[in-house]
There are 2 protein chains.
Amino acid sequence: MANSRQAVRGREAAKPARVSRAQRALILKALADPRRFELLQQIAKAGCPLGCAQARAALPISAATLSHHIKELETAGLIDVRREGKFHYLSLRVGVLASLAAGLSALEPASAPGR
Amino acid sequence: MANSRQAVRGREAAKPARVSRAQRALILKALADPRRFELLQQIAKAGCPLGCAQARAALPISAATLSHHIKELETAGLIDVRREGKFHYLSLRVGVLASLAAGLSALEPASAPGR
DNA sequence: GAATCAATTCGAGAGTTATCGAAATGTCGA
DNA sequence: TCGACATTTCGATAACTCTCGAATTGATTC
């Protein structure tokens with residue numbers, strides 16, 4: 001729906017792709033809400049895609065609110081939502097957090113970008 | 001005024017200190033505002049402490065708003081403010097961004113914390 | 001088709017925050 | 001002490017967002 005710039009990478013495994021300014025703002029805003037962060041943690045912790053019911057069990061929020069947060073995380077590109085009939089499954093989109101982290105670390109003087 | 005948990009580290013140089021949940025929320029909220037992020041970038045980019053006048057030149061905001069954002073960044077622990085008479089100087093507090101970045105990366109499955 | 005369950009959308013209330021102009025505080029030099 | 005300048009605080013407005021219950025959509029089963 002939105003991004004098609006991903007996964008086309010040659011050899012080196014862990015090189016994080018750059019995130020645009022706009023997407024970075026989206027991601028940071030998504031992470032800034034404590035509940036959403038906790039939800040993301042739950043998704044990350046579970047090895048397999050997380051069902052909404054499990055997510056609800058972990059967070060004391062209504063279904064409407066959960067739906068809202070899921071959409072925020074998805075819009076930010078932090079998670080993938082696999083819609084399978086009646087159920088939806090949430091999984092972490094790998095690389096996004098790493099890219100953000102790399103961008104943040106790059107601001108620090110110690111990690112001089114010149115090498 | 002707030003944190004006294006810092007700098008007590010034995011040997012290994014770059015090991016980032018953990019951030020509490022509350023502080024992480026503060027930091028992420030501080031970073032989530034585009035203007036604030038840009039301000040932080042300016043501070044980081046400048047090698048030496050940045051004067052408020054330079055900050056204002058870089059950002060199209062009023063003095064009141066700038067003051068507000070500075071306080072947010074300071075409260076989050078992202079910057080240090082050296083108050084020197086009439087002028088204030090902003091500098092990046094090293095290690096905080098790195099700690100946050102490390103915490104975020106740790107959520108990704110690739111960097112299995114089990115080793 | 002009707003009932004049931006999962007998830008979303010709608011509408012609204014409460015709380016938070018970004019922003020500014022105006023006023024206040026603090027500092028320096030004359 | 002006075003005036004000029006830097007920064008903060010105050011007060012207020014507008015915009016945003018978290019949250020929920022109720023209504024809706026969509027899929028499955030009977």
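Throughout, a chain's letter reflects where its sequence line sits, starting with A, and its residues are numbered from 1.
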Task: Distance in angstrom units between Lys29(A) NZ and dC16(D) P, rounded - done: 9 Å

Open item on the list: Looking at Arg35(A) and His69(A), would you say the former's side chain and the latter's main chain have a donor-acceptor pair under 3.5 Å?
Closed with: no

Task: Contact check, side chains of Arg36(B) and His68(B), non-hydrogen atoms, under 4.5 Å - done: yes

TODO: For DNA chain C, determine which residues of residues 64-72 of chain A have any heavy atom closer than 4.0 angstrom to one of its atoms, and list them numerically.
DONE: Ala64(A), Ser67(A), Lys71(A)

Open item on the list: Counting only side-chain heavy atoms from C-beta out, which of dT8(D), dA6(D), dC20(D) sits nearest to Ser62(A)?
Closed with: dC20(D)

TODO: Provide, to the nearest angstrom, the distance between the CG atom belonging to Leu59(A) and the C1' atom belonging to dC20(D).
DONE: 15 Å

- [ ] Figure out the CZ/P separation between Phe87(B) and dT8(D), and round it to whole Å.
- [x] 13 Å

Task: Atom pair distance, as rounded to whole Å: CG in Leu26(A) and C1' in dT17(D) - done: 14 Å

- [ ] Would you indicate what Arg56(B) reaches in the nucleic acid, counting non-hydrogen atoms under 4.0 angstrom: base, sugar-phosphate, or nothing?
- [x] nothing

Open item on the list: Please confirm whether the shortest side-chain N or O distance from Lys86(B) to OP1 or OP2 of dA4(D) is below 4.0 Å.
Closed with: no

Task: pair Leu78(B)-Ile43(B): side-chain heavy atoms closer than 4.5 Å - done: no

TODO: Take the protein atom CD of Glu74(B) and the nucleotide atom C1' of dT9(D), then report the distance between them rounded to whole Å.
DONE: 15 Å

Task: Beyond-backbone contact of Leu90(B) with Leu73(B), side-chain heavy atoms, under 4.5 angstrom - done: no

Task: Between CG on residue Asp33(B) and CD on residue Glu38(B), distance to nearest 0.5 Å - done: 10.0 Å

Open item on the list: Less than 4.5 Å apart, side chain to side chain, heavy atoms only: is that true for Ser91(B) and Arg82(B)?
Closed with: no

TODO: Measure the shortest side-chain to side-chain distance between Tyr89(B) and Ile79(B) over non-hydrogen atoms and say whether it is less than 4.5 angstrom.
DONE: no

- [ ] Check whether any side-chain heavy atom of Thr65(B) lies under 4.5 Å from a side-chain heavy atom of Leu59(B), and answer yes or no.
- [x] no

TODO: State, with a plain yes or no, whether a side-chain heavy atom of Leu39(A) is found less than 4.5 Å away from one of Ile70(A).
DONE: yes

Task: Heavy-atom contact window of chain B on DNA chain C, given 5' to 3' at under 4.0 Å - done: dT17(C) to dC28(C)

Open item on the list: Return whichever of Pro60(A) or Cys52(B) has its heavy-atom-nearest nucleotide of DNA chain D closer to the 5' end.
Closed with: Cys52(B)

TODO: Check the distance between dA27(D)'s P and His88(A)'s NE2 and give it to me in whole angstrom.
DONE: 9 Å

